[in-house]
Structures are given as C-alpha cells and as structure tokens.
Peer 1: 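Mind looking over this structure? Questions follow.
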Amino acid sequence: MFVSKLFTAGAALLLGASLLSSCSPRTSEAPLDERLLSYVDPFIGTGEHGHTFPGATRPNAMVQFSPDTHLLGWDASSGYHASDSVIHAFSLTHLSGTGVGDLGDVALLPYSGLDSLRPVATFDKANEQATPGNYTVLLSNFGVQVELTSTERVGLMRATYSDSTERRLLLDLSHILQPNWGHAVVGNDLQMLNDSTLQGTFYTKGWAEHHQLSYVIRLSSPADSLVLVRDAKERVRLSSGYTSTKDTSDLKLHIYLPNGKEPILVKAGLSAVSPEGAMKNLEAELPHWDYERVRHESRQAWAEVLNKIQIETQDTTVLRNFYTALYHAHIAPYNYQDVDGSFRGMDKQVHKNANPQDGHYTVFSLWDTYRALHPLLTIIDPDRALRYGRSLVSDYDEGTILPRWPLASNYTGCMPAYHSVSVLADLVAKGIAKDEDLRHWTEAAQRSSIYREDLAQKFAGSRELDLITRHPYYKEKYGFVPADSVPESVSWGVEMAYDDWCIARIAEAAGLDSVAKEYDKRGLYYRRYWDKETNLMRPVLGNGRFRTPFNPRYSAHGKSDYTEGNAYQWSFYAPHDMQGFLATMGGKHVLETNLDTLFTTSSRIDGAEQSGDITGLIGQYAHGNEPSHHIAYLYNYTSAPHKGQAILDTVLRHFYQPTPGGIIGNEDCGQMSAWYILSALGFYQICPGKAEYTLGRPLVDRATLNLPGGKFVIEVQGNSKTNKYVQSASINGRDITQTLTFSHSDLRPGGKLLIVMGSSPRK
C-alpha cells in the first residue's frame with residue numbers, strides 16, 4: 001500500500017500560498033508549493049466501508065480514472081476495495097464514498113499474452129501508488145506498468161509493457177459496477193474513425209435511470225488491428241468507418257498494439273452531450289501527449305485546493321487526516337459540462353450555460369453534504385458554493401423540481417426531505433446569494449416541498465419515481481407523517497420541518513412575507529413527534545397516537561420509522577428551533593440528561609434487518625452516519641459544554657485514522673471529511689441557513705484560512721491531547737467564552753479566532 005511521504009515527525013507546517021477561487025492549474029503565476037500533497041493518502045477510506053477510490057482526478061472534475069477491483073455488492077460502490085488483489089479494468093467515472101453504486105463508465109485494461117475474452121489483472125499492494133492526480137500499479141500477471149492521470153474531462157493512461165510483443169488493450173463496453181443491484185448496460189454506439197481513434201456513447205440503466213456518456217479514445221500509436229467480440233462468440237475485425245448504433249450485445253473490443261518498447265499512451269475524453277462534445281473536450285484540454293505535464297498540472301490544481309487552509313500541529317496523524325479530508329471534500333460534486341458550456345439537463349435535453357464559467361454539476365449527496373460540506377465551502381470558496389446553488393436551481397428549471405440526489409442528469413429519490421433548500425438558504429443567510437433572483441429560488445423551493453402528482457405520472461415505471469414519495473402529501477394534509485402509511489415517517493417529518501424553515505428564510509429574503517410565515521409554521525411540525533414520556537422522537541400513527549409497543553433501539557433498513565438509524569439517533573434534530581426544542585422537552589437540563597443517556601447507554605441495536613450504516617457507536621451515537629453529526633455540539637445548549645468537547649476529542653482521534661479503514665462509515669461525497677475539517681479547526685455549523693457557528697474541541701495549534709480578500713487566523717493556545725477543554729475564546733477581540741458562538745460575518749480577512757485550552761472543564 002502507498003503511504004504518503006511525510007515531513008520529519010513533529011514538524012510544524014505553515015505555508016504562505018494565497019487562495020484563488022478557481023481550481024484550474026495556474027499558468028501565468030509561480031507554481032504553488034506542493035508540500036501539502038505529501039500529506040494526502042488517497043487510500044484512506046478504501047477499506048472497511050469508506051467506499052472511496054484511489055484513482056486520478058482533479059478537483060470536482062468529470063473524470064475519475066481509477067481501478068475497478070470490486071464489481072459486486074455494497075463494497076463495489078466506488079469500484080475499489082483495499083482488500084482486493086485483482087483489477088478488472090480502469091474506468092473513467094466513479095462515485096466517492098456513496099452507499100449505492102453506479103458509473104464505472106468507459107473501461108480500459110492493458111494486458112499481454114494470448115487472447116482472452118475478458119482478461120483480469122492481478123497486482124500486489126507493494127506495487128501500487130496513489131497521489132493527488134496520479135495513480136500507478138504494476139499488473140503482475142501481464143507485466144504491464146499502468147499509470148493514470150487526468151484533466152477535468154480527459155483521462156490519460158500510460159502503459160509500459162515488459163514484453164515488447166503481444167501488447168493488447170481491452171475496451172470493455174459491457175463493464176459496469178454492481179450489476180447485481182440492478183445496474184445494466186442497455187446499448188452502445190461505436191465508431192472507428194481511424195486506426196488510432198474511436199468514439200462512441202455508452203448507455204446504462206441503474207441508480208441513474210437514463211445514463212449516457214460519450215467518449216473519444218485516441219492511441220499514441222496506431223493499432224495493428226481491432227477485433228470486436230460480440231456476446232462472447234462473434235468476432236468482427238474493425239476497419240476505419242465502422243459504425244454501430246445502440247448495440248445491445250455484450251461488447252468487448254480488443255486492440256492489438258504494435259510491437260515495441262516505448263510506452264503506449266491512451267487519451268479518453270468524455271462528454272454527457274455527444275461524441276463531438278467529447279472530441280472538443282479532448283482537443284481543448286489535452287492536445288499533446290506529455291504525461292508528466294498533465295500529472296504536474298493535476299498536482300498544481302490539488303495544491304491550490306489544499307493551500308486554502310494551512311494548519312500547524314505537532315501531530316502528523318492530524319496532518320494526514322486533515323489534508324486527505326480536504327482532498328476528499330473536493331471530489332464531488334462533478335462538473336458535468338463540456339468546455340463550450342453544453343450540458344445534458346434533468347430533462348435529458350442538451351442546454352447551453354449562459355455563464356459557462358459557472359459549470360454545471362451533478363453528484364450532490366445532499367442529505368449528507370448539506371450538513372458540513374456546503375457550509376465549509378461558503379467559508380473557503382464562496383464562489384464555488386454559489387455555483388453549486390445555481391446548478392441546483394438550474395436542475396429545477398429543467399425538471400420543475402429541485403433535486404434530492406442528482407446523478408448524471410437524473411433525479412434519484414435517495415434519502416429523506418428536500419435539502420437543496422438548505423444549501424440555498426445558507427447562501428442567502430451568509431450574503432453570498434445577494435445578487436440572485438430569490439423570488440425564483442422561493443418558487444423552486446415551494447414546488448419542491450409538496451407532493452407532485454404531475455411528476456408521479458411523468459416518472460411512473462422508472463426509478464426517478466422514487467423522488468415522488470407520499471411523505472410531503474401527508475405533511476401537507478395532516479401536519480405529520482403517519483407511521484402506518486409510509487416508512488421512515490419520523491426522519492422525514494423532522495427533516496421536512498427543518499427544510500420548510502429554510503424555505504421561510506429564502507422567502508423572507510425575497511420579501512415574500514406571507515410565504516415565510518406559512519413555512520415558519522410548517523417548520524414547527526417536528527414537535528408533533530416529541531414524546532415527553534420517553535423523551536424521544538416517536539412515530540405517530542394515523543389515529544394520532546404514538547406507536548405502541550415502541551423500541552427505541554430498533555432498526556430495519558428502509559422499513560422502520562427512522563432512516564438508517566433508530567429513535568436514539570433521531571431524537572436530537574430540530575437545529576432551526578433549538579430554543580423552542582428546549583422548551584418542548586422541558587429545558588436545557590433535560591437536553592443534557594438525554595445527551596448523557598445517548599452517549600452512555602448500551603450500543604446494542606435491535607432488529608434482524610438493522611441498517612448497516614449505523615457505525616462508529618458511542619452509546620447510541622453513530623458517527624458513521626450523518627444524522628448524528630451535530631449532536632455532540634448540542635452540549636453547548638446545556639450547562640455542560642465540556643461534555644461535548646470530550647466526545648468530540650474521542651470522535652476526532654478514534655474514528656478518523658490515516659489507514660484504508662480509517663473512515664468509520666461511508667465517506668458520502670465529502671461529508672465525513674468536511675465534518676473532520678471543521679471540527680479539527682474548532683467549530684461547526686449546527687444549522688445551515690442560520691449564519692452561526694459553535695465551538696467544539698480544536699485539534700490544530702494554528703490555522704490560516706485563505707479567504708477571498710485575505711487571511712483569517714485560528715490560534716489555539718495550550719492545545720495538547722490532554723488539554724481538550726475550552727477555557728476561553730474570543731473572535732476579533734470580542735469575548736465569546738460564555739456563548740461559544742460567532743457569526744459567519746466574523747470570519748473576515750484580517751480576523752482572528754483565539755481559543756485557550758486546558759486539561760479540566762472550565763468552571
């Protein structure tokens with residue numbers, strides 16, 4: 001396994017590079033210092049159930065060029081698992097840290113020796129390396145050294161064959177991830193332009209109901225011959241001009257390369273629009289064959305991202321975790337737009353972006369990332385955060401509803417509520433969206449918060465119908481979601497209440513006071529689930545009574561009253577109305593008691609079908625899944641904030657490790673990482689949409705945030721493994737020791753957050 005090179009143990013780090021808003025490599029300025037790259041280990045999270053991949057990509061790029069070692073089951077979500085020793089192919093698209101798999105498009109495998117219908121490579125971990133923007137491995141059974149790098153829309157492979165004869169390359173047009181989970185190839189277009197260039201379109205049906213990706217593949221040396229094997233029996237020798245359209249056969253194209261000792265390079269340009277778009281992308285981004293230049297430019301792109309936050313600490317584990325987390329937090333969403341501004345929208349039609357520099361993005365794991373990833377970006381890259389918001393609104397313009405989990409120009413109905421509105425509300429609250437059409441944003445939010453019979457009919461018979469559940473219908477009709485009508489009623493109920501509060505904030509900023517008033521009312525619907533007898537959020541039946549019998553430890557994935565959890569994990573969710581929540585439960589002493597119970601009770605989960613997402617347990621707190629991520633910070637609403645600081649210390653030090661199994665749950669497109677980044681800096685936003693942060697337990701000794709316009713400094717005095725309790729704090733000279741909170745506007749160039757730590761709780 002590759003392990004990043006480190007500075008001398010104990011070395012402190014402070015690099016003085018400035019932040020730019022773009023992630024493209026700079027050409028007219030001096031190169032960025034690349035030393036931070038040595039702390040990034042792309043193998044972190046590739047073991048256990050982190051579901052990350054180690055391959056080559058650039059920040060938020062269309063291409064993720066990575067080995068596929070795992071094709072079946074949950075741990076094939078990213079196509080790679082650290083326990084594997086075979087490689088089926090190197091494909092150009094992947095999901096980072098998700099719990100469901102898709103993509104794995106355009107699969108290439110260099111091989112040698114005798115013909116094989118579907119060759120499989122073997123490899124040794126000792127001969128595998130990964131750094132930001134570059135991946136390399138020796139295919140031991142074929143004697144081929146494979147190196148991968150990429151631009152935003154083009155993958156570049158360099159294959160060095162130890163045998164100068166019998167050099168082969170497979171383009172596997174039947175390759176997909178998780179075929180046992182309903183993912184299937186439904187057609188291929190293929191055209192041979194000449195003996196070194198192919199183009200086509202790959203059509204699949206899976207989590208993304210209607211997915212198509214076009215490509216252009218170009219070889220550095222003309223092929224001797226190309227043989228297409230159809231359905232494992234028919235062999236067709238291709239010649240220039242060969243064309244097939246929507247071929248539904250099992251297709252494998254074997255490319256026979258000329259003898260020689262020089263490496264073979266392969267370019268693969270992608271486009272969700274057309275092969276012509278893929279060609280434009282390839283010619284614009286990679287007109288040359290200089291592998292080292294592309295690799296260096298990728299490193300520069302990643303160095304620019306990493307230099308947004310420069311930390312000092314004596315703990316190299318923190319350095320490795322932090323900068324790998326910052327790397328993972330900039331993989332998704334993906335820019336799905338061609339270089340000319342063209343993209344395929346949620347209506348499956350081709351559109352042209354009026355502001356091409358914005359990009360158009362897909363792969364928003366919103367139920368996860370609204371909590372920390374998007375708030376993090378509002379701090380370190382507000383321009384990118386706004387571009388993501390505009391992309392979500394564009395999805396509404398094309399499909400008439402904001403997405404819940406958009407994937408490759410498709411709606412998926414994954415996870416509860418409609419958290420696009422959280423992302424938009426946070427942009428509004430922080431003044432980042434001041435120039436946007438907020439009346440239009442309010443319209444988009446309103447139409448996405450109700451049951452849509454028109455879309456139920458439109459999506460009938462497809463997986464996109466999962467987007468239109470009955471939960472909003474019951475919310476609108478009864479003010480609560482009856483547990484005997486639909487599953488996951490409590491989770492949907494409390495999260496829709498938060499999202500409706502977010503809509504109220506957008507409407508308020510738009511001057512739509514009557515809309516704001518109505519949605520503020522709906523924001524209180526969470527109270528209907530609070531049971532004073534058990535001090536838990538409890539499912540309510542259609543007759544208005546709480547479910548009986550009631551087991552708060554019970555979990556049944558997708559079938560019980562809670563999403564990927566149980567009553568314990570879901571009974572602390574009213575981030576938008578904490579004062580009202582405290583009053584509902586009986587005061588801050590009740591909250592403290594409930595939190596104490598959560599963190600100290602048995603970790604036993606009941607139910608034969610309990611959710612596999614319940615991981616990272618401290619009592620019933622489950623850090624491996626997102627509903628728990630804000631809970632330790634709720635101690636700041638009690639008289640014992642030190643208890644939360646101790647819990648945060650445990651989570652930061654034990655649930656994040658610089659190893660393949662070092663992420664305690666699914667990475668979820670950057671959310672697990674963003675939580676670590678913010679928490680290691682010492683603060684967190686409990687309620688996106690409310691521009692307020694609350695203090696926790698910082699791990700760093702000092703951090704410099706390179707904000708647009710200047711630097712903001714975090715200084716932590718007396719920090720150590722034993723000094724985990726906040727003694728005092730101030731921001732920009734203002735004491736915040738009593739409240740432990742500050743506003744987004746306090747994070748300004750020239751500002752400073754000072755936190756003093758000690759070994760015992762503050763008295």
Peer 1: Are a donor atom and an acceptor atom from the side chains of Q671 and Y370 found within less than 3.5 Å of each other?
Peer 2: no

Peer 1: Side chains of Q310 and K711: do they bring a donor and an acceptor to under 3.5 Å?
Peer 2: no

Peer 1: Report the distance from atom CD1 of I731 to atom CG of L754, rounding to the nearest 0.5 Å.
Peer 2: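 Reported to 0.5 Å precision, the distance equals 10.5 Å.
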
Peer 1: Over all heavy atoms of both residues, which pair between R58 and A301 is shortest? Give the atoms and the distance, please.
Peer 2: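 Closest approach of R58 to A301: CD-CB, 4.5 Å.
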
Peer 1: Any donor-acceptor pair under 3.5 Å linking the side-chain atoms of Y529 with those of S489?
Peer 2: no

Peer 1: Please check if the distance between the ring centroids of H623 and W675 is under 6.0 Å.
Peer 2: yes

Peer 1: Give a yes or no on whether a salt bridge exists between E285 and R153, defined as a side-chain N under 4.0 angstrom from a carboxylate O.
Peer 2: yes

Peer 1: Among R390, H360, Q337, find the residue that satisfies the side chain to side chain donor-acceptor pair (under 3.5 Å) test when tested with N353.
Peer 2: Q337

Peer 1: Would you please indicate if the ring centroids of H351 and F343 are separated by under 6.0 Å?
Peer 2: yes

Peer 1: Got F742 and L695 here, is their nearest side-chain heavy-atom distance under 4.5 Å?
Peer 2: yes

Peer 1: Examine the side chains of D397 and H440 and answer whether a donor and an acceptor come within less than 3.5 Å of each other.
Peer 2: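 H440 and D397 do have a side-chain donor-acceptor pair below 3.5 Å.
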
Peer 1: Which heavy-atom pair separates S449 from P472 by the least distance, and what is that distance?
Peer 2: O-CB, 3.7 Å

Peer 1: Is it the case that the side chains of Q685 and H744 hold a donor-acceptor pair, with the cut-off being a distance below 3.5 Å and no angle test?
Peer 2: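 There is no such pair (donor and acceptor under 3.5 Å, judged by atom type) between the side chains of H744 and Q685.
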
Peer 1: Between Y327 and W302, does the ring centre distance come in under 6.0 Å?
Peer 2: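 Here the rings of W302 and Y327 have centres that are less than 6.0 Å from each other.
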
Peer 1: Check the side chains of T563 and E488 for a donor-acceptor pair under 3.5 angstrom, ignoring hydrogens and angles.
Peer 2: yes

Peer 1: Applying the salt bridge (Lys or Arg N to Asp or Glu O under 4.0 Å) criterion to R505, which one of D500, D499, D426, D520 satisfies it?
Peer 2: D520

Peer 1: What I'd like to find out is whether the side chain of K475 reaches to under 4.5 Å of the side chain of F480, using heavy atoms alone.
Peer 2: no

Peer 1: If the threshold is 4.0 Å, N to carboxylate O, is there a salt bridge linking R387 and D383?
Peer 2: yes

Peer 1: Is the closest side-chain donor-acceptor distance between N636 and T694 under 3.5 Å?
Peer 2: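 A donor-acceptor contact under 3.5 Å links the two side chains.
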
Peer 1: Minimum heavy-atom separation for V421 and A445, please, with both atom names.
Peer 2: CG1-CB, 3.6 Å

Peer 1: Would you mind telling me which of Y526, Y519, F581 makes a ring pair (Phe, Tyr, Trp, His ring centres under 6.0 Å) with H576?
Peer 2: Y526

Peer 1: Between the side chain of S96 and the main-chain N/O of T52, is any donor-acceptor distance below 3.5 Å?
Peer 2: no

Peer 1: State whether a side-chain donor-acceptor pair under 3.5 Å links S271 with D338.
Peer 2: yes

Peer 1: Carefully, step by step, assess R463 and E209 under the rule salt bridge (Lys or Arg N to Asp or Glu O under 4.0 Å).
Peer 2: CA-CA 6 Å; R463 288 193 68 166; E209 176 75 12; 5.4 Å; no

Peer 1: For I506 versus L438, what's the shortest heavy-atom pair and its separation?
Peer 2: CG2-O, 4.1 Å

Peer 1: Do the side-chain N and O atoms of K308 and N706 include a donor-acceptor pair separated by under 3.5 angstrom?
Peer 2: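 No.
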
Peer 1: Judged by modelled atom types alone, do Y684 and H630 share a side-chain donor-acceptor pair under 3.5 Å?
Peer 2: no

Peer 1: Among side-chain atoms of S673 and E667, is any donor-acceptor pair under 3.5 angstrom?
Peer 2: yes

Peer 1: Taking all atoms of both residues into account, what is the closest heavy-atom pair of G710 and P749, and its distance?
Peer 2: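 For G710 versus P749, the nearest heavy atoms are CA-CB, 3.7 Å.
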
Peer 1: After noting the C-alpha distance and the side-chain angles of L103 and W207, does the key distance pass the side chain to side chain contact (heavy atoms under 4.5 Å, CB included) rule?
Peer 2: CA-CA 9 Å; L103 307 185; W207 192 15; over 6 Å; no

Peer 1: Should the pair Y498 and W501 be assigned to parallel (<30°), tilted (30 to 60°) or perpendicular (>60°) ring geometry?
Peer 2: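 Ring orientation of Y498 relative to W501: parallel.
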
Peer 1: Looking only at side-chain N and O atoms, does T400 offer a donor or acceptor that is under 3.5 Å from a partner on R452?
Peer 2: yes

Peer 1: Hey, is R522 close enough to E518 for a salt bridge, meaning N to O under 4.0 Å?
Peer 2: yes

Peer 1: Between K458 and E464, does any NZ, NE, NH1 or NH2 come within less than 4.0 Å of an OD or OE carboxylate oxygen?
Peer 2: no

Peer 1: So, Y396 and E398: side-chain donor and acceptor under 3.5 Å apart, yes or no?
Peer 2: no

Peer 1: For the residue pair T378 and K430, confirm or rule out a side-chain donor-acceptor distance under 3.5 Å.
Peer 2: yes

Peer 1: Does the gap between the ring centers of F364 and Y388 come in under 6.0 Å?
Peer 2: yes

Peer 1: Take the angle between the ring planes of Y411 and F459 and call it parallel below 30°, perpendicular above 60°, tilted in between.
Peer 2: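 Plane angle between 30° and 60°, so tilted.
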
Peer 1: Can you check whether I401's main-chain N or O pairs, donor with acceptor, with R447's side chain at less than 3.5 Å?
Peer 2: no

Peer 1: Nearest heavy-atom pair of G345 and S409: which atoms, and what distance?
Peer 2: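 Between these two residues, the closest heavy atoms are O-CB, 3.5 Å.
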
